[in-house]
Each structure stands twice: as structure tokens, then as C-alpha cells.
Amino acid sequence: MNQLARFGIVLGTICLAATLVLAFTYEMTKPKIEEAMRAEEREALRTIMPEADSFDPKSLDGFEYFDAVKSSSVIGYCLKVTGSGYGGYMRMIVGVDKSGIIKGVRVLEHQETPGLGSKVTEVHPGESEPYFLRQFKGRRAEGLVVKRDIDIITGATISSKAVTDAINDSVSSFLTKMKGNG
């Protein structure tokens, strides 16, 4: 057997072993990662709509959301929203009351550039929530415009617009479907 074939067999064996180790690690950590994501989601729900007693998961025409329930009455909705930023997708939860006023926004996951686009989730010292996301509170979910209604983050215009557009598009569509359903 020539030396090139031996190198090929050794390299193939190393690649197979690495693949098996990665697959095993993935399968072992997958449940823990999923539970951590669910815990983060539960915490975001409690933060966005603290007045709710419980959150009932639902879906409607491709939208995943939670009914925010207080004393057996639905007081609002927490909608799972995905936007496309500069660095990739952004997973968020947006809480709105029944009239469409935003109660809060939390970014659960993003792939934005550290130090620029990631500033959408940056909390300033002495504050409890990100400045950028706090701007959405108390505003009607439909028709928000960057620079007019929402201040952009310097150096992160695309990320700022991505969050705003995702909230506008998703919440507007969701509320229209809810009105048509109810």
C-alpha cells in the first residue's frame, strides 16, 4: 500500500472518530440546551407581562404565541417573532395587550456583530432592561418607523431596523388574524 493511501485511511479514520464524538456530544447536550431555552423563554414571558398568572401556548396560522392569562381572562398575547438582522436571524418574544399596545420585547437569541448589532440587547449600568427594546413599550405595535418612532443604535442601523420591522410585520399580521378569528 502506498503512502498516499495510508494517509487517506488515517485521515478518514480521524474524521469518522471526530464525527462520532460530535454526534454523541450533540445528542447528550440537546435536552439540556432545549430546557435552558424553555427556561429563558419562561423568564422572558414573566418579564414582559408580569401581571399575568399563566401563559398558555397556542398557534394560529403559523404564529406561535402564548395567551397571557390573569384570573381566567386573557389580558394579552406574547408572540414569538423571528427577524433577519445583519449577522443572521433574531429570535424574540413580543408582549402586546389585547388592544395592540406593546408591553415588552425580549431578544432570546441573535447572531449580530458583538459591540454593534448586539447592542440591541445591551443593558446600561443601573438599568434593568435594554435601552433599545424599552423604546417599544407603550407604543402601538403596527406602523413603527425607525428614526421617527424608534431611535437607532449608532453603527447598528440594520439591526435596529430588523427588530422594528420584525415586530411591525409579525404583530400586525398576528393581530389581523386574531381579529378575523374572534
Side-chain angles (χ1 to χ4, degrees), residues 30-85 88-112 117-124 126-146 148-153 159-182:
K30 185 178 175 184
K32 291 177 184 177
I33 292 169
E34 288 173 349
E35 179 53 38
M37 289 174 71
R38 283 191 296 275
E40 183 180 22
E41 193 173 83
R42 286 190 300 269
E43 180 60 31
L45 292 170
R46 286 191 297 273
T47 302
I48 291 170
M49 305 260 296
E51 62 274 13
D53 298 327
S54 64
F55 299 93
D56 298 332
K58 305 266 177 117
S59 65
L60 173 68
D61 293 339
F63 289 102
E64 290 184 51
Y65 69 99
F66 297 86
D67 280 343
V69 179
K70 180 177 181 166
S71 303
S72 303
S73 296
V74 175
I75 59 170
Y77 312 101
C78 292
L79 180 64
K80 292 182 180 183
V81 173
T82 303
S84 183
Y89 68 91
M90 303 171 93
R91 250 180 10 97
M92 301 172 270
I93 293 185
V94 180
V96 294
D97 65 15
K98 292 178 87 172
S99 64
I101 303 297
I102 297 173
K103 303 293 281 175
V105 179
R106 285 293 172 267
V107 175
L108 300 177
E109 184 178 4
H110 69 82
Q111 299 174 341
E112 298 303 280
S118 67
K119 287 186 178 185
V120 298
T121 60
E122 186 176 279
V123 178
H124 293 140
E127 296 180 357
S128 60
E129 63 183 319
Y131 164 77
F132 179 75
L133 299 177
R134 191 173 57 231
Q135 297 180 84
F136 292 91
K137 271 186 175 177
R139 297 185 181 268
R140 181 155 297 286
E142 301 103 339
L144 291 173
V145 177
V146 175
R148 185 189 74 197
D149 303 314
I150 303 296
D151 293 335
I152 62 170
I153 297 170
S159 302
S160 302
K161 189 166 174 20
V163 171
T164 305
D165 289 348
I167 291 170
N168 273 337
D169 298 343
S170 297
V171 175
S172 296
S173 297
F174 172 75
L175 291 174
T176 299
K177 289 180 187 284
M178 286 301 286
K179 288 175 187 168
N181 234 20

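All values below come from the heavy atoms of this structure, side chains included, with hydrogens, waters and symmetry mates left out. Predicted model, so just to flag it, every value in this text is computed and none were measured.
Separating the CZ atom in R140 from the OG atom in S172 is a distance of 10.0 Å, to the nearest 0.5 Å. How far OG1 of T176 is from CG of D61: 11.5 Å, rounded to the nearest 0.5 Å. Separation of atoms NZ (K177) and CG (L175) is listed at 12.0 Å; rounding is to 0.5 Å. Here the CG atom belonging to L79 is positioned 9.5 Å from the CD atom belonging to E64, to the nearest 0.5 angstrom. Interatomic distance, CD1 of I48 versus NZ of K137, reported as 9.5 Å (0.5 Å rounding). Going from atom CG of D56 over to atom SG of C78 covers 11.0 Å, rounded to the nearest 0.5 Å.
Taking the side chain as every heavy atom from C-beta outward, Y77 and V171 never approach each other to under 4.5 Å. V163 has its side chain within reach of F136: a pair of non-hydrogen atoms, C-beta onward, lies under 4.5 Å apart. Between D67 and F55 the shortest side-chain heavy-atom distance does not fall below 4.5 Å. Under the 4.5 Å side-chain criterion, counting only non-hydrogen atoms from C-beta, M92 is not in contact with T82. Considering only heavy atoms from C-beta on, S170 stays 4.5 Å or farther from V94 through its side chain. Contact check for K80 versus F63: no side-chain heavy atoms found under the 4.5 Å cut-off. Looking only at side-chain heavy atoms (C-beta outward), Y89 and S84 stay at 4.5 Å or farther from each other. V105 has its side chain out of reach of V81: every pair of non-hydrogen atoms, C-beta onward, lies at least 4.5 Å apart.
A salt bridge does not link R106 with E41: every distance from a Lys NZ or Arg NE/NH1/NH2 to an Asp or Glu carboxylate oxygen is 4.0 Å or more. Using a 4.0 Å cut-off between a side-chain N of Lys or Arg and a carboxylate O of Asp or Glu, E35 and R38 qualify as a salt bridge.
Between the E43 side chain and the E40 main chain, no donor and acceptor come within less than 3.5 Å of each other. With hydrogens and angles ignored, the 3.5 Å screen pairs no side-chain donor or acceptor of R46 with any backbone N or O of A52.
Closest heavy-atom contact between S71 and D53: N-OD2, 2.8 Å. Minimum heavy-atom separation, M90 to A162: SD-CB, 4.1 Å.
Tested against I75, the residues K103, K98, E51 include a single side-chain contact (heavy atoms from CB on, under 4.5 Å) partner, E51.
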